Amino acid sequence: MKLSVPGRAAATAVAVTVLASTALLTTGSAAGAAPAPDSAPAVKLAAAPDLPLANVKAHLTQLQSIATANGGNRAHGRTGYRASLDYAKAKLDAAGFTTTIQQFTASGRTGYNLIADWPGGDTNQVIMAGSHLDSVTAGAGINDNGSGSAAVLEIALAVSRAQYQPTKHLRFGWWGAEELGMVGSRYYVNNLSSANRSRIKGYLNFDMIGSPNPGYFVYDDDPTIEQTFKDYYAGIGIATEIETEGDGRSDHAPFKNVGIPVGGLFSGADYIKTAAQATKWGGTSGQAFDRCYHSSCDTTANINDTALDRNSDAAAYAVWELSE
């Protein structure tokens, strides 16, 4: 998640170069599954998977290793960022996704977005889940935002393992240069045609979901998406609160700004946990949700496993429910 600093100018991105096939980004011509007749009863296609926490953490271990080998970070324009993208792309390619890299320039450095489309589904009805893959220069960015990126990657791999074929088309995105002002996601949205924007029926954002002193916050932007997440948490007996700390500060903002329905989850950054929140969720009142936010200590030791597990499963549940 980017810092909220008054007067800070957002970096601009120019001259997108598509390095791989862009057919699914620019057209909606792929064959889609036909909807059931109006008279047919609703049939649930498949239950959302319980994502293995070990798998999500294995991705975080890889991101930590990449940062360690590349100057301690995975920031925009640095070798650690590109290595992080290559790691995710290799996993997705092997799992049968159609992957596309978008290249842009921000603050004089080259940045990249990674987009992965799952074959099938109605490409006039796209459900998209995404996260920013870059860290700040100060550290490895394992909670911010390795946590969201690892969860989105594992959800995509779970789609492949299940050979899930929902009615809607599934797309996943990992954004570059979020920490400079949502540059990558803004570039992606700005370079979609009006028709392709209208095809995205929901964008789900996951930015910091494993905070060490966690809260359970749900975006309140789109009512249907919000209720989907709330239903999941109600089912496991976890009370949630409306997310306010990250409003306008993460990659859902460019989508929301052009009228695409958005939603997401958040476990807290540098805001302070109240006594009431500690009573509700556990943890320590009077301390930040993430004391290592944008710091060198945001490593694999900075993750609450329970929060990461719950939020990853909630994210998978929403992808399954909204794409049917």
Side-chain angles (χ1 to χ4, degrees), residues 1 46-61 63 129-132 141-159 161-162 172 202 204-221 225-246 250 252 262-269 271 273-274 276-285 287-293 298 300-323:
M1 178 175 291
D50 181 355
L51 297 184
L53 176 62
N55 291 9
V56 182
K57 293 192 70 177
H59 300 316
L60 293 182
T61 298
L63 294 178
S131 59
H132 76 87
I142 298 304
N143 188 38
D144 185 16
N145 181 38
S147 60
S149 294
V152 172
L153 177 57
E154 189 56 31
I155 291 167
L157 297 179
V159 166
R161 288 194 297 268
F172 300 88
L204 313 179
N205 194 60
F206 304 102
D207 187 354
M208 302 180 64
I209 62 170
S211 302
N213 190 26
Y216 293 89
F217 299 100
V218 176
Y219 296 14
D220 64 342
D221 299 281
I225 298 174
E226 177 187 358
Q227 191 60 50
T228 301
F229 286 121
K230 286 183 173 179
D231 288 347
Y232 177 82
Y233 283 107
I236 61 171
I238 301 296
T240 61
E241 291 184 10
I242 296 303
E243 195 284 313
T244 59
E245 183 178 359
S250 192
H252 61 293
V262 301
L265 301 176
F266 180 56
S267 55
Y271 279 23
K273 179 176 277 189
T274 67
Q277 289 169 331
T279 298
K280 179 163 49 182
W281 295 322
T284 305
S285 65
Q287 291 188 10
F289 293 102
D290 184 357
R291 65 181 182 83
C292 290
Y293 176 63
D298 188 7
T300 49
N302 190 46
I303 292 291
N304 181 287
D305 284 359
T306 300
L308 182 66
D309 191 22
R310 288 171 173 168
N311 285 321
S312 297
D313 287 340
Y317 174 83
V319 168
W320 255 252
E321 289 292 311
L322 294 168
S323 65

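Nothing here was measured: the structure is a model prediction, and the numbers come from that model.
- Glu154 and Asn55 share a donor-acceptor pair across their side chains, judged by distance under 3.5 Å alone.
- Distance check, rounded to the nearest 0.5 Å: CD1 of Ile238 to NZ of Lys230 gives 15.0 Å.
- Residues satisfying the side chain to side chain donor-acceptor pair (under 3.5 Å) criterion with Arg291, sequence neighbours excluded, are absent altogether.
- A distance-only check finds no donor-acceptor pair linking the side chain of Glu245 to the backbone of Gly268 [under 3.5 Å].
- Proximity of a side-chain donor or acceptor of Asp220 to a complementary backbone N or O of Ile242 within less than 3.5 Å is not detected.
- Formation of a donor-acceptor pair under 3.5 Å by the Asn145 side chain with backbone atoms of His132 is found in this model.
- Ile303 approaches Ser147 most closely through the heavy-atom pair CD1-CB, 4.3 Å.
- Counting heavy atoms from C-beta on, the side chains of Leu308 and Leu53 come closer than 4.5 Å.
- Residues Ala48 and Ala316 approach most closely at CB-O, 4.0 Å, considering heavy atoms.
- Asp231 contributes atom CG, which lies 10.5 Å from atom CD of Glu226 (distance to the nearest 0.5 angstrom).
- Checked by atom type and distance alone, the side chain of Trp281 pairs as donor or acceptor with a backbone atom of Ala239 at under 3.5 Å.
- Side chain of Asn213 to backbone of Thr284: a donor-acceptor contact under 3.5 angstrom is found.
- A donor-acceptor pair under 3.5 Å is formed between the side chain of Asp298 and the backbone N or O of Asp144.
- Taking the side chain as every heavy atom from C-beta outward, Leu265 and Tyr233 approach each other to under 4.5 Å.
- Between Phe289 and Phe217, the ring-plane angle classifies as perpendicular under the 30° and 60° cut-offs.
- Residues Ile155 and Tyr317 are not in side-chain contact: their nearest non-hydrogen atoms beyond the backbone lie 4.5 Å or more apart.
- Counting only heavy atoms from C-beta outward, the side chains of Tyr293 and Ser211 never approach each other to under 4.5 Å.
- With sequence neighbours left out, the side chain to side chain contact (heavy atoms under 4.5 Å, CB included) criterion links Ala129 to Phe172, Leu204, Phe206, Val319.
- What you find for Thr228 and Ala318 is that their closest heavy atoms are CG2-CA, 3.8 Å.
- Between Tyr271 and Phe266, the distance separating the two ring centers is not shorter than 6.0 angstrom.
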Worked verdict on Glu243 versus Asp207 for side chain to side chain contact (heavy atoms under 4.5 Å, CB included): CA-CA 12 Å; Glu243 195 284 313; Asp207 187 354; over 6 Å; no
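- In terms of the side chain to side chain donor-acceptor pair (under 3.5 Å) criterion, residue partners of Asp290 (sequence neighbours excluded) are, by chain and number, Asn143, Asn302.
- Each of Glu241, Arg310, Lys280, Gln277 was evaluated against Tyr216; a single residue qualifies, Arg310, per the side-chain hydrogen bond (donor to acceptor under 3.5 Å, both in side chains) test.
- When every heavy atom of Pro49 is checked against every heavy atom of Ala158, the shortest pair comes out as CG-CB, 4.0 Å.
- When every heavy atom of Asn311 is checked against every heavy atom of Ser267, the shortest pair comes out as ND2-CB, 4.1 Å.
- In this structure the side chain of Asn205 reaches within 4.5 angstrom of the side chain of Tyr219, judged on heavy atoms.
- Between the side chain of Asp309 and the backbone N or O of Asp305, no donor-acceptor pair lies under 3.5 Å.
- For Lys273 (side chain) and Gly282 (main-chain N/O), a donor-acceptor pair under 3.5 Å exists by modelled atom type.
- One finds the CG atom of Leu51 at 6.0 Å from the OG atom of Ser312 (value rounded to the nearest 0.5 Å).
- Shown here for Ser131 and Val152, the closest heavy-atom pair between the two residues is OG-CG2, 4.0 Å.
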